[in-house]
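We name chains A, B, ... by the order of the sequence lines, and we start the count at 1 in each one.
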2 protein chains.
Amino acid sequence: MATKKIPKATAKRLPIYYRYLSVLLSANKRRVSSTELSEAVQVDSATIRRDFSYFGELGKRGYGYDVESLLNFFKGILNQDTLTSVALVGVGALGSALLNYNFHQDTNLRISAAFDTKPELANTVKSGIPIYPASEMQKQIKEQQIDAVILTVPSSTSQKVADQLVSVGVKGILNFTPVRLSVPKNVQVQNIDLTNELQTLIYFIKNYAENNPE
Amino acid sequence: MATKKIPKATAKRLPIYYRYLSVLLSANKRRVSSTELSEAVQVDSATIRRDFSYFGELGKRGYGYDVESLLNFFKGILNQDTLTSVALVGVGALGSALLNYNFHQDTNLRISAAFDTKPELANTVKSGIPIYPASEMQKQIKEQQIDAVILTVPSSTSQKVADQLVSVGVKGILNFTPVRLSVPKNVQVQNIDLTNELQTLIYFIKNYAENNPE
DNA sequence: CCTCTATTGTGAACACTTAAACAAAATTAT
DNA sequence: ATAATTTTGTTTAAGTGTTCACAATAGAGG
Ligand SMILES: NC(=O)c1ccc[n+]([C@@H]2O[C@H](COP(=O)([O-])OP(=O)(O)OC[C@H]3O[C@@H](n4cnc5c(N)ncnc54)[C@H](O)[C@@H]3O)[C@@H](O)[C@H]2O)c1
Ligand SMILES: NC(=O)c1ccc[n+]([C@@H]2O[C@H](COP(=O)([O-])OP(=O)(O)OC[C@H]3O[C@@H](n4cnc5c(N)ncnc54)[C@H](O)[C@@H]3O)[C@@H](O)[C@H]2O)c1
């Protein structure tokens, strides 16, 4: 809990900044201004400066920000200096796509274990990640001290699985099911509801035609 | 543009309400109060009443809301009374998972065409959806008058594809690539950045431990 | 060293979103 | 009928997030 009181809206933008700073560093850019950043990430430059200012005075007036030191600073903030292992529960259509994806290429994150009830998946390896039977889920998560889980099981079982996860100390769930999970308030749930996103997009197309995106 | 001035935050909740109302109707519930709804969808009851009030006086004091008529009302608002066809571009890991999913089971939405550059995918059918070669994308989208597209191509080509889509009249893009697309302001872009979501979740776990979810 | 220029960091205004609280109105119970 | 109860719709207030606008200040150029 090094830095406190960072607004949620700011926190959600940090990975966006982080990614673009990585791009700049790879391109050997040494410095960047909030205006330049603004164009690339499509966030108002004043908002960017305000966001950064929550963490201190990271830039230099008349100059901008030093790409490398800013990147290193955010590396710490975003826990990118240590490898974080997450688990995935439910190796179906969506779960397989996520397993197959190499999160580690952009971030210091990897999926280290997956779980499914299907007997034919148990004890196989997919994209280098071991798939365990669901019956071993709680044991493995405890042993591997996993904090964060990607949940891609059918909606009908998601609350039950979430309860099991919480009971072995999971502190965050990336929930792809449309169910609004009930969890203790010290557990973070991030909902990704793809059906809603699509419905909302259609709604915006029909009703906000003249406004700008996002 | 029947109803104007609906706040964005409200618009994003409409599909959540809609889904839960469908559940209630299937369970033969005739009426529901904002308090009951509040528990199920995890939105403050005053916020729900406020949201509904943008559309008029939909409830009855001392009684609540009539499930069926409320559902029918939102059916109109959310364009659920006509079938909307969307296209999917990029039938890779993520695209396949989405193609395979039956959006039509919950909504009046379906993916009616998919496109990919891979020759082995061209002119095949997956989950009942025809996959066309990318070279036919613009022609088909124009012919089928498709407004909304799910974009699951590699990041490196996403802007190029987006430009092609916009040039044939696409009005909304559900963008799964980490690239911030540049589009005219009458085109809606909804970004779903899975890597960011995971990074943000980890950040929240480490920094907001005592707060409540979402 | 001084001047000019660029760009930050932030106070203040504004915009949007949520939530508390309650009068008004309808239902339900007696 | 009337009273008690319920629950809406909305007023008002508080909270959160964004943007403007500019003094402060560091760097660049002479
Ligand atoms: N696939 C999509 O595009 C899409 C779109 C919108 C929403 N969703 C939601 O995402 C979730 C997953 O969707 P999907 O298409 O991947 O479903 P799926 O049926 O393909 O996969 C679910 C997997 O979970 C496994 N499973 C079931 N119970 C389990 C348990 N207790 N523990 C571990 N594994 C278990 C199943 O064996 C299966 O492999 C669903 O809730 C769905 O509503 C998916
Ligand atoms: N899979 C994941 O879990 C995941 C996670 C985070 C981000 N993403 C992002 O989602 C996007 C897609 O990811 P993926 O894993 O499905 O990639 P993928 O490589 O499996 O699929 C991309 C598909 O797009 C096709 N394609 C390439 N150029 C095309 C064009 N011009 N027109 C039509 N099709 C074209 C390719 O042939 C391929 O089938 C990427 O931008 C990726 O960064 C994916």
Chemist: Show the atom names and distances, to 0.1 Å, of all donor-acceptor pairs under 3.5 Å that link a side chain in residues 160-172 of chain B to residues at least two apart or in another chain.
Modeler:
unit_1: D163(B); atom_1: OD1; unit_2: Q159(B); atom_2: NE2; d: 2.8
unit_1: S167(B); atom_1: OG; unit_2: Q138(B); atom_2: NE2; d: 3.1
unit_1: S167(B); atom_1: OG; unit_2: Q164(B); atom_2: O; d: 2.8
unit_1: K171(B); atom_1: NZ; unit_2: G169(B); atom_2: O; d: 3.4

Chemist: What is the separation between atom NZ on K8(A) and atom C1' on dT18(C), rounded to the nearest whole Å?
Modeler: 13 Å

Chemist: Give the rounded distance in Å between these two atoms: CD1 of I48(A) and P of dT8(C).
Modeler: 9 Å

Chemist: For G62(A) and R49(A), find the nucleotide of DNA chain D closest to each by heavy atoms; which residue's nucleotide sits nearer the 5' end?
Modeler: R49(A)

Chemist: Can you work out whether V43(A) or G56(B) has the more 5'-proximal nearest nucleotide on DNA chain D?
Modeler: G56(B)

Chemist: Tell me which nucleotide among dT10(D), dT18(C), dT8(D) gets nearest to the side chain of A9(B).
Modeler: dT18(C)

Chemist: Under 4.0 Å between any heavy atoms, over every strand shown, what does T35(B) touch: base, sugar-phosphate, or nothing? Just pick one.
Modeler: nothing

Chemist: Hey, does S34(B) reach any base, or is it just sugar-phosphate, or nothing, if we go heavy atoms under 4.0 Å?
Modeler: sugar-phosphate

Chemist: So with a 6.0 Å cut-off around CD of E68(A), is the heavy-atom count from everything else above 12?
Modeler: no

Chemist: What is the distance, rounded to the nearest whole Å, between atom CG of D51(B) and atom C1' of dA19(C)?
Modeler: 12 Å

Chemist: From CZ of F52(A) over to P of dT19(D), roughly how many Å is that when rounded to an integer?
Modeler: 15 Å

Chemist: Indicate, yes or no, whether a donor-acceptor pair under 3.5 Å links the base of dT12(D) to the side chain of R50(B).
Modeler: yes

Chemist: Please state whether the rings of F55(B) and F73(B) are parallel, tilted or perpendicular, taking 30° and 60° as the class boundaries.
Modeler: perpendicular

Chemist: Heavy atoms only, 4.0 Å cut-off, all strands: where does Y65(A) land among base, sugar-phosphate and nothing?
Modeler: sugar-phosphate

Chemist: Nearest-Å distance, CD1 (I6(B)) to C1' (dA15(C))?
Modeler: 17 Å

Chemist: When the distance from OH of Y63(A) to C1' of dA24(D) is rounded to whole Å, what number comes out?
Modeler: 19 Å

Chemist: Just how far, in rounded Å, is C1' of dA26(C) from CD of E57(B)?
Modeler: 12 Å

Chemist: If only atom types and distance count, is the side chain of Q190(A) paired as donor or acceptor with the main-chain N or O of L174(A) below 3.5 Å?
Modeler: no

Chemist: Just checking, any donor-acceptor pair under 3.5 angstrom between side chains of N196(B) and R19(A)?
Modeler: yes

Chemist: It should be established whether T47(B) places a side-chain nitrogen or oxygen under 4.0 Å from OP1 or OP2 of nucleotide dA19(C).
Modeler: yes

Chemist: Would the base of dT7(C) count as contacting R61(A) through its side chain, where contact means a donor and an acceptor less than 3.5 Å apart?
Modeler: no

Chemist: dG27(D), OP1 or OP2 - any side-chain N/O from K60(A) closer than 4.0 Å?
Modeler: yes

Chemist: Is the phosphate of dT6(D), meaning OP1 or OP2, less than 4.0 Å from a side-chain N or O of R31(B)?
Modeler: no

Chemist: Could you state the CG-P distance from D44(A) to dC16(C), rounded to the nearest angstrom?
Modeler: 14 Å

